[in-house]
Amino acid sequence: MSERSMPVPEGLAGMRVDAGLARLLGLSRTAAAAVAEDGGVELDGAPVGKSDRLVAGAWLSVRLPDAPAPVENTPVEIEGMTILYSDADIVAVDKPPGVAAHAGVGWHGPTVLGGLAAAGFRISTSGVHERQGIVHRLDAGTSGVMVVALSERAYTALKRAFKQRTVDKRYHAVVQGHPDPSSGTIDAPIGRHRGGEWKFAVSANGRPSITHYDTLEMFRAASLLDIHLETGRTHQIRVHFAALHHPCVGDPTYGADPALAKRLGLQRQWLHARSLSFAHPGDGRRIEITSPYPADLQHALDVLRADT
């Protein structure tokens, strides 16, 4: 906790406390309001609220909370994370489940960037420190291909490519039941779920989200799908197929049957980032990087095939 004290400048006379603090101390108005609501602002020794008015010459005292410790991608070797491709501009990894793309508040596990640091890769790009080189993400519970920019030109080019949707993103998923039609497009906006901070849902007020799919193989209780994402919303595949009543097998968050997951030996959703295809940021040649199924997903497939 730090404290700042000073007389209120003439130019802030009559302003709301939150607006005046934001201008005086360089805070966001939301942050300034939070400080006032927590009793951290006094005028001439008396506590004031966020909507009270500042008085020129009054003695202003502000108690600011300590800044949160910066999150870091701790360098640590990650079991099962292999390098699929690398050069001076990019590195593509085969990300195992249980690994986040980068460090963040509330995540204390391993990260792709930490694993790359431990492997000796040096990332020289702009952007937020703990997300340097990140041009797209995979959920912690999703395995498969993920590309990271090592150079500034690669970072700029790949960010643009993902934004302009010129990157071909292919996923394979095993969903419960048999989607009808067997090939199609899901065009349904996605927004935050009312009941959960880390859960999403199809919502009329959500962001546009488009998923294309083809059925590769049908089993008695499930189907293996090839999925092409036109957009890249958080949990997009999981949300879209749950909305069709065909959730990803092993995904209880979105309504999957836990008994089926147990029978298949799954501890997470059957969802795998199968391939990425894009123009190389250095020379423009089209490259495709593919990831094989990890052992747990392959085992589940073998059980399903044996049961047909």
Side-chain angles (χ1 to χ4, degrees), residues 80 94-100 107 109 137-145 169-204 206 209-229 231-275 291-308:
D94 198 352
K95 187 187 85 66
V99 178
W107 178 260
R137 298 170 180 81
L138 295 179
D139 295 343
T142 300
S143 55
V145 182
K169 300 174 286 185
R170 296 278 173 174
Y171 290 75
H172 282 186
V174 173
V175 302
Q176 291 182 194
H178 309 123
D180 185 14
S182 59
S183 296
T185 295
I186 307 169
D187 186 350
I190 292 176
R192 288 199 176 273
H193 193 283
R194 292 182 179 179
E197 183 179 359
W198 295 107
K199 188 176 179 181
F200 296 80
V202 169
S203 167
S209 307
I210 301 174
T211 302
H212 307 282
Y213 71 92
D214 293 290
T215 299
L216 297 177
E217 199 170 349
M218 295 176 67
F219 314 106
R220 183 175 299 176
S223 302
L224 173 64
L225 307 181
D226 175 66
I227 297 169
H228 169 221
L229 289 185
T231 55
R233 310 304 178 206
T234 303
H235 295 184
Q236 179 171 321
I237 294 170
R238 299 163 67 189
V239 170
H240 270 172
F241 284 96
L244 295 184
H245 307 292
H246 297 292
C248 291
V249 172
D251 190 6
T253 299
Y254 289 103
D257 179 5
L260 178 57
K262 183 177 180 180
R263 184 165 68 84
L264 300 180
L266 282 174
Q267 301 295 319
R268 49 120 174 181
Q269 67 266 14
W270 206 115
L271 179 59
H272 186 66
R274 181 66 166 172
S275 68
S291 164
Y293 298 150
D296 62 336
L297 301 189
Q298 185 61 57
H299 171 77
L301 270 184
D302 292 343
V303 174
L304 286 168
R305 285 168 177 155
D307 194 35
T308 56

Would you say the side chain of [Y] lies within less than 4.5 Å of the side chain of [X], judging by non-hydrogen atoms?
X	Y	result
D94	V145	no
L225	H246	no
H240	I227	no
L297	R268	yes
L271	Y171	yes

Within the distance-only criterion (no hydrogens, no angle test), does the side chain of [X] pair as donor or acceptor with the backbone N or O of [Y] below 3.5 angstrom?
X	Y	answer
D139	G141	no
S143	P97	no
S291	G144	no
K95	R137	no
Q236	I210	yes
W270	G250	no

How long is the straight-line distance from [atom2] of [Y] back to [atom1] of [X], given to the nearest 0.5 Å?
X	Y	atom1	atom2	answer
L301	D296	CG	CG	10.5 Å
F200	R192	CZ	CZ	4.0 Å
I190	T234	CD1	OG1	9.0 Å
I186	F241	CD1	CZ	4.0 Å
S183	L216	OG	CG	8.5 Å
R305	R220	CZ	CZ	15.5 Å

How close do [X] and [Y] get, heavy atom to heavy atom, and via which atoms?
X	Y	answer
D226	R170	OD2-NH1, 3.1 Å
K169	T231	NZ-O, 3.7 Å
C248	A256	O-CB, 3.3 Å
A273	T142	N-CG2, 4.3 Å
A201	H193	CB-CD2, 3.7 Å
P179	S223	CD-OG, 3.7 Å

> Who are the side chain to side chain donor-acceptor pair (under 3.5 Å) partners of R274, not counting sequence neighbours?
Replying inline: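 Listed in chain order: nothing, the list is empty.
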
>> Are more than 12 heavy atoms, taken from residues, nucleotides or ligands other than Q267, located less than 6.0 Å from that residue's CD atom?
In response: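 Open.
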
> Is the number of heavy atoms from other residues, nucleotides or ligands under 6.0 Å of H212 NE2 greater than 12?
Replying inline: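 Counting neighbours around NE2 of H212, more than 12 heavy atoms of other residues, nucleotides or ligands fall under 6.0 Å, so yes.
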
> Among all residues two or more places apart in sequence or in another chain, which pass the ring pair (Phe, Tyr, Trp, His ring centres under 6.0 Å) test with Y254?
Replying inline: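 Listed in chain order: H235.
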
